[in-house]
There are 2 protein chains.
Amino acid sequence: MNLVRRRREEIRRAILDAAIREFAKNGLAGTSTQALAAAAGLTKAQLHYYISSKEELYEEALHFIVREWRTIFFVSAGSDDPAETIASYIERKIRHALDHPEVSRLFANEVARGAYVLSRHWGELKQAVEEASGVIEGWIAAGRIRPVDPLLFQMNMWAVTQHYAEYEAQARHLLGVPEGTPLDAERIIAEAQDMFLLRCGLTPPAR
Amino acid sequence: MNLVRRRREEIRRAILDAAIREFAKNGLAGTSTQALAAAAGLTKAQLHYYISSKEELYEEALHFIVREWRTIFFVSAGSDDPAETIASYIERKIRHALDHPEVSRLFANEVARGAYVLSRHWGELKQAVEEASGVIEGWIAAGRIRPVDPLLFQMNMWAVTQHYAEYEAQARHLLGVPEGTPLDAERIIAEAQDMFLLRCGLTPPAR
DNA sequence: ACAGGTTCAGACCAATCGGTCAAATCATTT
DNA sequence: AAATGATTTGACCGATTGGTCTGAACCTGT
């Protein structure tokens with residue numbers, strides 16, 4: 001029945017969530033199937049009924065993230081206005097990093113290791129980045145923004161927005177925010193937006 | 001004799017290097033003592049003659065990094081000129097990231113995991129950051145730079161400079177730089193300097 | 001009520017884990 | 001040359017690893 005199918009999909013979803021959380025914490029090699037099973041509320045044998053191997057689950061989790069990001073973050077979004085486009089991208093990206101830090105951390109960990117598993121999905125990533133580069137170059141040619149290295153500009157936006165997920169523990173400590181309460185998203189977004197807009201010779205919104 | 005002592009220190013240094021490399025790749029849990037020993041050119045038993053446990057070696061590696069960084073990176077360096085201070089910090093930081101990416105990666109990995117091992121050394125880090133915040137606030141008060149969130153400004157510099165170590169694989173792919181050749185340090189430094197100087201309302205050097 | 005497949009759990013596998021140990025080897029001092 | 005300490009070695013420990021297998025429990029359509 002489809003009640004059975006729904007239950008199965010719930011379990012698979014729980015496994016994927018657990019995988020992202022656990023792999024983000026200790027990496028591929030550092031995460032045991034035991035720990036994965038426990039985090040998903042299953043026994044080890046039960047987990048292996050749903051997945052075929054740890055490596056495959058790892059790759060599936062990464063693939064899931066890439067697919068999700070591809071649909072959420074596209075620099076050339078909506079408006080044609082450079083300031084609005086950049087500001088909106090940064091806001092969305094930082095909010096995502098603060099709300100789902102494990103996702104960003106898993107991705108970062110994989111890239112830091114050399115991204116061998118991820119390399120299969122790099123084609124789409126490069127394509128998206130080059131599309132955005134085109135948009136930015138258009139802005140420069142039209143004199144709408146100060147000249148910028150389009151690739152590095154994007155990488156730096158990525159660096160800053162990801163940072164608050166990867167370095168959450170450090171940010172907490174430096175900003176004096178205890179474990180329970182969330183980081184001040186507005187403050188972080190404002191500073192990041194100001195920075196990248198000023199880099200482009202654009203006027204940041206009054207605060 | 002001291003030839004014996006030198007030999008012992010050579011081995012300990014080889015172990016530390018191997019530890020940084022291996023821990024950076026697979027994290028604490030994901031790195032076996034076997035792999036550590038092999039990377040240092042020793043047998044497992046021999047390794048345990050020099051270290052007492054994997055955890056302790058891990059902590060030692062982290063402590064080494066913090067100590068090293070404390071002496072290399074001090075934002076309030078040399079000159080009193082904001083532009084020069086910022087530009088020099090960024091250059092030093094990015095060169096270090098490109099030359100010793102494993103170091104940055106190990107640190108990032110530990111922080112991403114929650115920095116439980118590192119937390120002991122966070123006092124000194126916070127102190128250094130707050131000193132720098134004082135310097136920056138002084139610049140703002142004197143009207144020498146555009147108002148900035150001093151803490152977030154520093155965190156963003158950290159984010160960008162670290163990024164080219166942590167995301168080296170991605171940067172290689174996007175910039176089209178094959179595995180053997182180094183990334184273009186000048187290009188990366190220039191873009192980063194422009195960004196942070198413009199954020200402060202300062203004029204970047206002509207290129 | 002029963003047959004059919006789906007899902008589950010416990011025992012189990014070889015391999016590897018971090019770490020120890022005693023015996024052997026090496027280098028150095030006397 | 002004998003004695004002494006510093007190193008190295010391979011065998012070994014119990015625990016845990018990723019993964020399998022079997023048989024029981026559980027649904028579900030008839």
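- Considering only side-chain N and O atoms, B:Q34 lies nowhere under 4.0 angstrom from the phosphate OP1 or OP2 of C:dT16.
- You'll find that the side chain of B:Q46 is closest to D:dT8, out of D:dT8, C:dG19, C:dA9.
- Under a cut-off of 6.0 angstrom, the local environment of CZ in B:R187 is crowded, with over 12 non-hydrogen atoms contributed by other residues, nucleotides or ligands.
- B:R95 has its side chain within reach of B:I189: a pair of non-hydrogen atoms, C-beta onward, lies under 4.5 Å apart.
- No hydrogens or angles were tested; on distance alone, nothing pairs the side chain of B:K54 with the base of C:dG19 as donor and acceptor under 3.5 Å.
- Residue B:R8 places no side-chain N or O under 4.0 Å from the OP1 or OP2 atom of D:dA6.
- Remark: B:T43 is not in phosphate contact with D:dT8, judged by side-chain N or O atoms under 4.0 Å from OP1 or OP2.
- Between the CZ atom of A:R12 and the P atom of C:dT6 there is a distance of 16 Å, given to the nearest Å.
- Side-chain atoms of A:T33 lie closest to D:dG19 of the nucleotides D:dG19, C:dG19, D:dT8.
- Spacing between atom OH of B:Y50 and atom C1' of C:dG19 amounts to 18 Å, rounded to whole angstrom units.
- Proximity of A:R7 to the phosphate of C:dC8: a side-chain N or O atom is located under 4.0 Å from OP1 or OP2.
- Closest to the side chain of B:S53, from the set D:dT9, C:dT7, C:dG19, is C:dG19.
- In the set D:dT9, D:dT7, C:dG19, D:dT9 carries the atom at the smallest distance from any side-chain atom of B:A45.
- Under the 30°/60° scheme for interplanar angles, the aromatic rings of B:H100 and B:H96 are found to be tilted.
- If you measure from atom CG of A:L36 to atom C1' of D:dT17, you get 13 Å, rounded to the nearest angstrom.
- Taking atom CD on B:E56 and atom C1' on C:dG18, their separation rounds to 14 Å, with Å as the unit.
- Side-chain atoms of A:N156 and A:F196, non-hydrogen and from C-beta on, do get closer than 4.5 Å to each other.
- Look at NE2 on B:H48: it is 19 Å from P on D:dC12, rounded to the nearest Å.
- Between A:L42 and B:K44, it is A:L42 whose nearest contact on DNA chain C lies nearer the 5' terminus.
- Separating the CD1 atom of A:I11 from the P atom of D:dC27 is a distance of 12 Å, rounded to the nearest angstrom.
- Residue B:R67 places its CZ atom among more than 12 non-hydrogen atoms of other residues, nucleotides or ligands, all under 6.0 Å distant.
- In this entry the distance linking CG of B:L47 with C1' of D:dT7 reads 14 Å, nearest Å.
- In this structure, the nucleotide among C:dT6, D:dT8, D:dG10 sitting nearest to the side chain of A:Y49 is C:dT6.
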